[in-house]
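Following: one structure in structure tokens, then a few remarks.
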Amino acid sequence: KQMKNEKKKTGKALNPFIPLVLMVLACAIASYFVVPGAYDRETVNGVTRVMADSYHAVERTPISFFNLFRSIPEGLTATANMMFCVMIIGGIVEIYKRTDTVGAAINSVLRVSEKLSSQMIIAVVMIVFFIFGGILGWSEHIIPFVPIIISLAISLGYDSLVGMAISGFACLISFAVAPFNVYTVGISHTIAELPMFSGWELRFAALGCVWALSLFWVMRYAKKVKADPSKSLVKDVDTSSLRIPVDPSLKFDLPKKVSLVVLGVSILFTIYGILKLSWSYTEMATTFMVGGVIVAIINRVKMEDAINMILDGMRGAFVGALIIGVARAVQWTMTNGGLIDPLVHGLSSLMGSASAYVSTVGMFVVNFFINALIPSGSGQATAVMPIMVPLADMLNITRQTAVLAFQFGDGISNTFWFTNGTLLIYLSLGKVPLKSWYKFILPLHGMFLVLQLVFLFIAVQTGYGPF
């Protein structure tokens with residue numbers, strides 16, 4: 001009887017690949033019924049734009065039985081750079097784990113927690129990840145470090161959901177309203193022909209409010225769980241394997257301190273490369289590989305052992321990396337099934353005769369739902385903003401307001417839609433079932449909704465610009 005109960009509890013966790021595969025299947029079926037149509041596109045200064053008045057009927061391109069299965073390898077191929085980066089960094093992080101660098105650092109933090117409040121420690125960690133997402137525009141870049149933070153949270157007496165929330169969620173939600181987000185704001189401003197990152201002041205104010213609400217909500221839950229573990233939303237999930245073993249006698253000696261410094265330098269150098277040198281995933285993986293080799297040498301790890309550590313870490317990161325590729329299969333199916341343009345055209349047409357504020361909210365709502373089907377922020381910006389910009393012009397809404405509506409609709413919903421590959425990775429790393437996640441996040445999303453509506457109202461009333 002006990003075994004049956006354990007099986008029932010285990011069954012609550014939804015396999016993250018199931019909703020993605022079902023979404024691919026749904027899009028393939030829809031390709032046989034949606035009235036086909038497409039916009040003409042033109043490339044200006046390297047930017048592909050949709051011509052707003054060019055929507056026309058086209059031949060139907062339904063997804064065949066063969067292409068239904070082809071979508072998966074196509075998605076994997078399209079995201080190979082990102083996937084291998086995640087796996088390589090996961091392999092390098094394994095070196096930090098196996099040389100006890102991470103364990104000794106966690107042990108040191110636990111000793112500090114005897115003097116400082118553990119609440120203060122997780123608050124500081126969350127603020128650091130706020131900065132990663134909100135200022136640096138990081139999202140899936142921090143995936144390899146989420147297991148470390150989850151282990152730290154569990155060691156401090158919290159649950160895996162807290163560890164995921166102060167790292168992955170903090171980064172995702174900050175990325176959503178980042179004032180200098182290259183992937184969403186940058187592309188949108190280019191399409192809207194606005195000065196790059198103009199209007200950052202209002203977006204920064206929104207970011208500050210999102211940070212405050214998120215910190216309050218996570219700290220509230222963390223305090224409740226530490227006081228009474230039975231109130232944990234993942235209490236029925238075995239998370240013992242998520243805790244990185246820490247020997248209490250483990251000393252944070254010089255080699256481990258230097259190793260941690262190497263990790264810090266690797267992160268800072270990567271940040272510099274992304275901001276100043278236009279680095280991508282290849283250079284990021286390279287930087288961490290160099291750091292990992294240095295750490296292996298410092299800790300006198302044999303070459304064969306170092307290679308085995310990296311391979312073990314890559315195997316551990318494989319499922320998370322695979323989720324990214326399968327999530328991209330949804331976008332491939334929609335694009336090749338001719339679903340994106342009819343969807344954008346139909347939804348944008350509904351907002352033709354409403355007031356400026358209602359139309360702005362309509363843009364926000366449209367982008368909220370489109371984000372379920374096009375999880376990529378840059379992909380959604382490229383598909384939607386060429387329609388939103390002329391629509392904003394016709395409705396006397398500033399283009400900057402249209403960008404804000406897009407950013408809100410695309411960004412914050414990243415922590416809601418189960419089609420977002422990065423969110424699914426974070427949840428799988430913490431063994432957090434979707435049902436438990438929604439119990440945790442839905443009330444906060446209600447607060448976010450009110451906040452977004454207020455900022456959109458301010459944007460409309462003030463003529464948020466420059467134009």
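Listed for the Trp332 side chain is no donor-acceptor partner under 3.5 Å among the backbone atoms of Val24. Checked by atom type and distance alone, the side chain of Ser428 pairs as donor or acceptor with a backbone atom of Ile425 at under 3.5 Å. With hydrogens and angles ignored, the 3.5 Å screen pairs a side-chain donor or acceptor of Asn420 with a backbone N or O of Leu423. When atom types are taken as modelled, the side chain of Glu283 and the backbone of Leu277 share no donor-acceptor pair closer than 3.5 angstrom. Side-chain atoms of Tyr221 do not come within 3.5 Å of backbone N or O of Val162 as any donor-acceptor pair. Between the Ser436 side chain and the Val432 main chain, no donor and acceptor come within less than 3.5 Å of each other. Judged by distance alone, with hydrogens and angles left aside, the side-chain atoms of Asp305 form no donor-acceptor pair with the main-chain N or O of Val301 at under 3.5 Å.
The aromatic rings of Phe408 and Phe364 lie perpendicular to each other, with more than 60° between the two planes, well past the 30° mark.
When the side-chain contact (heavy atoms from CB on, under 4.5 Å) test is applied to Tyr438, the partners found at least two apart in sequence or on another chain are Phe416, Phe418, Leu434, Ile441, Leu442. Looking at residues two or more places apart in sequence or on another chain, you find no side-chain hydrogen bond (donor to acceptor under 3.5 Å, both in side chains) involving Ser188. Listed by chain and number, the residues in a side-chain hydrogen bond (donor to acceptor under 3.5 Å, both in side chains) with Asp312 are Arg98, Arg315 (sequence neighbours excluded). Taking Ser232 as the reference, Asp159 meet the side-chain hydrogen bond (donor to acceptor under 3.5 Å, both in side chains) condition, with sequence neighbours excluded. Remark: Phe84 engages no residue in a ring pair (Phe, Tyr, Trp, His ring centres under 6.0 Å) (not counting sequence neighbours).
The OG1 atom of Thr287 sits 11.0 Å away from atom CE of Met289, with the distance rounded to the nearest 0.5 Å. Atom CG of Leu25 and atom CD1 of Ile63 lie 11.5 Å apart (nearest 0.5 Å). With rounding to the nearest 0.5 angstrom, the CE atom of Met164 is 12.5 Å from the CG atom of Leu242.
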Practice task
Go through Leu424 and Leu20 one step at a time and tell me if the side-chain contact (heavy atoms from CB on, under 4.5 Å) criterion holds.
Solution key: CA-CA 10 Å; Leu424 293 182; Leu20 295 176; 3.8 Å; yes
Exercise for the section: Take Val361 and Phe457 through the side-chain contact (heavy atoms from CB on, under 4.5 Å) test and state the conclusion after the steps. Expected result: CA-CA 9 Å; Val361 174; Phe457 181 78; over 6 Å; no
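Among Thr99, Asp253, Asn299, the single residue meeting the side chain to side chain donor-acceptor pair (under 3.5 Å) criterion with Ser259 is Asn299.
Taking 4.5 Å as the limit, some side-chain heavy atom of Tyr357 sits within range of a side-chain heavy atom of Leu453.
Sorted by first and then second residue, the ring pair (Phe, Tyr, Trp, His ring centres under 6.0 Å) pairs with a member in residues 146-172 read Phe169-Trp437; sequence neighbours excluded.
With a 6.0 Å cutoff to the six-membered ring centre and a 45° limit on the axis angle, Arg203 does not count as a cation-pi contact of Trp200.
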